[in-house]
Structures are given as C-alpha cells and as structure tokens.
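One structure is given here, and the rest of the page talks about it.
Numbers restart at 1 for each chain; the letters A, B, ... are given by sequence-line order, proteins then strands. What you see below is based on every heavy atom in this structure, not just the backbone, and it leaves out hydrogens, waters and symmetry mates.
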2 protein chains.
Amino acid sequence: MIIGQRNRLQYIILGLLNQRPQTGYDLAKAFENEIGEFWQAQHSQIYPMLKRLETAGDITHEDTITGEKLAKKQYSLTPAGHEKLVTWVGEPSPELSATKDEFILKLYFIKRSDDPRLQPMLQEQAVLHRAQLAHLQQRRETVFPDQAAIDGAYGHYLILDHAIGREQYYVDWLTKFLG
Amino acid sequence: MIIGQRNRLQYIILGLLNQRPQTGYDLAKAFENEIGEFWQAQHSQIYPMLKRLETAGDITHEDTITGEKLAKKQYSLTPAGHEKLVTWVGEPSPELSATKDEFILKLYFIKRSDDPRLQPMLQEQAVLHRAQLAHLQQRRETVFPDQAAIDGAYGHYLILDHAIGREQYYVDWLTKFLG
DNA sequence: CAGAAACATGTAATTAAATACATGTTTTAA
DNA sequence: TTAAAACATGTATTTAATTACATGTTTCTG
C-alpha cells in the first residue's frame with residue numbers, strides 16, 4: 001500500500017536542473033534545504049546519478065572555473081530530460097507517503113500511560129519539533145517575504161507551507177499528551 | 001563497528017515479540033497494520049532478521065503444526081532480547097522522522113498557481129488521503145472501542161491517534177488549496 | 001594571516017530495502 | 001466441491017541509500 005521509491009531521485013534532479021543549471025554541490029544543498037522535508041539524498045548518491053543522467057542524454061554539463069582553479073560542473077537539462085520531467089509530474093501519484101519515525105515506533109512499545117519513560121520521551125520530541133517548526137517558519141519568512149515571491153515559486157511555497165503545518169501538528173499532538 | 005548502528009527493524013521485531021510470541025507471518029502482518037504507518041518491512045526482510053536475532057541469542061523459536069502439516073515457527077524473546085529492547089526504548093531519539101512523499105515532490109516543480117495540472121493533482125491526493133483517514137478512523141473504532149482497550153495498549157493507541165491526526169491534517173491542507 | 005567553514009567532486013564499502021522467485025497448506029466463500 | 005484467498009516460510013537478485021574514504025580550493029572570520 002505504501003511501498004516503493006522507484007528511482008525518484010533522477011526526477012528530483014531533473015526538476016532542480018529545470019529551474020536553473022547547477023552543480024552537484026548545489027543539488028546536495030537543495031536536499032538539505034527546500035527538498036529535505038520530503039526527500040533525502042547525499043552527494044554520494046547525487047554525483048553517480050548525474051553521470052547516469054548524462055549518459056542517458058537527459059542532462060549535459062559545462063566545465064567552469066571559480067577563482068584560480070576550482071573546477072565546477074554546471075549541469076543543465078536537455079530537451080529529452082525536460083520531456084522526461086514533464087511526463088513524471090503529469091503521472092498520477094497513487095502511493096501514500098512513506099514515513100519512518102523511530103520515536104513513534106518506541107511509543108508503540110510503551111504499554112501504559114503511567115510508564116515513567118513516556119513524559120521524558122514526549123518532552124524530548126517536543127523540543128526537537130518546536131525547533132524544526134521555528135526553523136521552517138523562519139525560512140518561510142526569508143524565502144517568501146511577499147506575494148511576488150510566492151507567485152514566482154508557487155510549488156516551493158506549497159511544500160514549505162505543508163511542512164510547517166505538519167510540524168505544527170506534530171508539536172500540537174505532543175503537547176496534547178504532555179502532562 | 002562502534003557507533004550509530006541503525007538497524008531499527010530488529011528492535012521493532014523484538015518489541016512485537018515482547019507483546020506475545022508470534023510467527024514471521026504475524027510480524028509481516030503487523031507491518032501492514034499497526035506499525036505500517038510509521039515503518040515498513042516485507043517478509044523477505046523479516047525472515048532473515050529473525051534468523052539473525054536467533055543466532056544473536058535475542059529470540060528463540062518453537063516449532064508448531066497447524067492442521068495436518070502446516071509448519072509454523074513461534075518466536076519469542078529471550079532475557080537478552082528483552083534487555084536489548086528496553087535499552088533501545090530508553091535511548092534518546094534525536095533524529096527527525098524521514099518522509100518520502102512523491103506527490104509533494106511533484107508539487108515542488110509546479111511553478112505557478114494557475115498550472116492546469118495542479119488542481120487535478122490535489123484532487124487525486126484528497127481522494128487518497130480521505131480514504132486513508134477513513135480507514136484509520138475505522139481501525140481506531142474497532143481496536144479501541146473503550147477506555148479499557150486504550151489503557152491496555154496505550155502506545156498503540158497513541159500512534160494510531162497520531163496517524164489519524166496526521167492524515168486529517170493532510171486532508172485539511174489539500175482542501176485549503178482546492179479551488 | 002591563519003584556521004575554520006564552506007565550496008566542490010568523486011569512489012568504496014556496507015547496509016537496507018524492494019522485487020521477484022519458489023513452494024506448499026489451510027480456510028473460506030461462491 | 002472447488003477455486004480463491006489467506007496462511008506460512010524461505011531465497012535470490014537487484015536497487016537504493018548510508019557511511020566512510022579521499023582530495024583539493026575558496027571564502028570568511030577572528
């Protein structure tokens with residue numbers, strides 16, 4: 001029902017490159033920032049995928065130099081890559097999101113509401129999720145200061161809004177059970 | 001190897017066996033039901049893990065026969081396995097949950113609020129998440145019909161409650177942007 | 001100006017996970 | 001009564017993902 005992440009990484013990379021040409025390093029940053037709330041990938045996954053996509057003809061790169069000799073590879077979409085991206089976005093997404101939450105798992109094994117471990121666990125998570133919520137709200141303020149910014153990257157705004165609401169729910173839920 | 005052993009699956013299995021002895025098949029079912037909202041695993045991952053845990057001395061099994069000749073292995077915790085479980089639950093969980101949501105990713109690549117693909121995408125997800133919400137609510141009614149049921153498996157109640165709230169939020173959020 | 005942090009790119013090794021293969025029994029419902 | 005669904009247990013293959021290894025440059029800050 002929930003399973004399966006069949007090579008989505010390639011599409012994310014295509015989507016990011018569709019916005020603007022960028023380096024593998026830039027892409028890795030995107031996974032720490034705007035994308036990171038809903039997908040994770042390290043540079044060790046990204047660089048090989050860039051090679052694969054280039055071999056497949058979906059992207060190309062241009063070598064540039066920063067300063068004296070720092071080599072960069074600026075990747076960009078080919079028409080084939082753009083086509084592949086558009087097709088993917090247009091397909092249905094019939095699978096529910098897969099969440100892996102270690103804290104919630106531990107909760108499952110707390111059998112009684114008066115278990116002495118319960119309240120500290122909830123407290124710990126509340127700290128964690130309040131911080132994350134504050135971080136996301138801060139980012140919304142800086143990335144989307146006005147309506148023009150929202151109109152210019154509506155999808156980005158939507159997913160940031162979704163992430164904030166999700167964290168808000170998480171904090172509210174924890175608070176509901178904090179003594 | 002000294003630090004940061006992941007391998008959460010083993011702890012989930014230990015936790016499930018701590019509730020009652022059960023078979024690999026039963027464990028696989030738990031991942032489709034109560035656990036599935038927060039962790040996923042297939043039987044092809046579970047059976048080898050049961051062997052590993054038994055070799056490690058954390059669980060043992062008893063062979064039983066159902067009917068004429070259907071062989072089952074009823075696994076149960078050893079004291080060492082119980083100790084391992086308790087230690088894991090007592091440790092902090094400092095990592096935020098990892099979510100992989102393909103739909104949200106696609107949204108990210110929708111640049112404008114009047115993109116014709118947007119509303120159908122939101123509609124499709126609303127159908128999906130409303131169904132999931134109804135399913136979870138139904139399960140809460142059947143699994144936790146009264147306070148006694150809640151008191152007897154408080155952690156399970158908590159995570160089901162969390163999952164319901166999460167789906168409710170998802171539906172509300174989608175509705176907010178449905179035209 | 002020196003050291004730290006950030007920029008930049010890759011590979012190797014390992015582990016986790018998904019999919020497919022493979023087989024057989026028991027129960028349930030048409 | 002028979003076919004489908006559910007019960008039950010594994011292995012093999014492939015792909016995804018993490019962690020560690022490996023190296024070097026540029027920019028920022030005290």
Report the distance from atom [atom1] of [X] to atom [atom2] of [N], rounded to the nearest whole Å.
X      : N       : atom1 : atom2 : answer
Y25(B) : dA5(D)  : OH    : C1'   : 9 Å
H43(B) : dA8(D)  : NE2   : C1'   : 9 Å
F31(A) : dC7(C)  : CZ    : P     : 17 Å
I46(B) : dA8(D)  : CD1   : P     : 14 Å
L70(A) : dC28(D) : CG    : P     : 13 Å
I65(B) : dT9(D)  : CD1   : C1'   : 13 Å
R8(A)  : dA17(C) : CZ    : P     : 16 Å
D26(B) : dG10(D) : CG    : P     : 13 Å

Checklist entry - Side-chain heavy atoms under 4.5 angstrom apart, residues restricted to Ile, Leu, Val, Met, Phe, Trp, Tyr: same cluster for L118(B) and V86(A)? => result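 Per the 4.5 Å side-chain linkage, L118(B) and V86(A) are not co-clustered.
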Item to check | Joint hydrophobic cluster, V143(A) plus F109(B), side-chain heavy atoms closer than 4.5 Å | outcome: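 In one cluster: yes.
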Item to check | Whether W88(B) and Y11(B) hold their rings parallel, tilted or perpendicular, with breakpoints at 30° and 60° | outcome: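 Answer is parallel, since the angle falls under 30°.
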For [N], take OP1 and OP2 only and decide whether either is under 4.0 Å from a side-chain N or O of [X].
X      : N       : value
K69(A) : dA8(C)  : no
K29(B) : dA8(D)  : no
Q42(B) : dA17(C) : no
Q45(A) : dT18(D) : yes
K72(A) : dT25(D) : no

Checklist entry - For A71(A), which contact category applies under a 4.0 Å heavy-atom criterion: base, sugar-phosphate, or nothing? => result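 Answer is sugar-phosphate: A71(A) comes under 4.0 Å of backbone atoms only.
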Checklist entry - Is any NZ, NE, NH1 or NH2 atom of the basic residue among E37(A) and R140(A) found under 4.0 Å from an Asp or Glu carboxylate oxygen of the other? => result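 Answer for the salt bridge query: no.
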Checklist entry - What are the residues of residues 15-24 of chain B, sorted by number, that bring a heavy atom to within less than 4.0 Å of DNA chain D? => result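 Those residues whose heavy atoms fall under 4.0 Å from DNA chain D, taken from residues 15-24 of chain B in numerical order, are T23(B), G24(B).
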Checklist entry - What are the residues of residues 49-63 of chain B, sorted by number, that bring a heavy atom to within less than 4.0 Å of DNA chain D? => result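 By residue number: K51(B).
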Checklist entry - Quick one: are Q137(A) and E167(A) in side-chain contact, heavy atoms under 4.5 Å? => result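 They are not in side-chain contact.
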Next on the checklist: Quick one, F103(B) and L122(B) - any side-chain contact, counting heavy atoms below 4.5 Å?
Outcome noted: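 Contact flag for F103(B)/L122(B) side chains = yes.
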Checklist entry - Is it true that a side-chain atom of Q40(A) and a backbone atom of T99(B) form a donor plus acceptor pair closer than 3.5 Å? => result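 Yes, because the side chain of Q40(A) sits within donor-acceptor range (under 3.5 Å) of the backbone of T99(B).
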Item to check | Contact nearer the 5' end of DNA chain C, comparing S44(B) with Y47(A) | outcome: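 It is Y47(A) whose nearest nucleotide is closer to the 5' end.
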Next on the checklist: Going by the rule ring-ring contact (aromatic ring centres under 6.0 Å, His included), which residues pair with H162(B) if we only count those two or more places apart in sequence or in a different chain?
Outcome noted: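 H162(B) satisfies ring-ring contact (aromatic ring centres under 6.0 Å, His included) with Y169(A), Y170(A), W173(A), F38(B) once adjacent residues are dropped.
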Next on the checklist: What I want to check is whether the side chains of T175(B) and D172(B) have a donor and an acceptor closer together than 3.5 Å.
Outcome noted: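 No, no side-chain donor-acceptor contact under 3.5 Å.
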Checklist entry - After noting the C-alpha distance and the side-chain angles of L178(A) and Q125(A), does the key distance pass the side chain to side chain contact (heavy atoms under 4.5 Å, CB included) rule? => result CA-CA 11 Å; L178(A) 275 171; Q125(A) 292 297 308; over 6 Å; no
Checklist entry - Which nucleotide, dT11(D), dA17(D), dT9(D), lies nearest any side-chain atom of P48(B)? => result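 Looking only at side-chain atoms, P48(B) lies closest to dT11(D).
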Item to check | Heavy-atom donor-acceptor pair, T66(B) side-chain to dT25(C) base, under 3.5 Å | outcome: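 No pair found.
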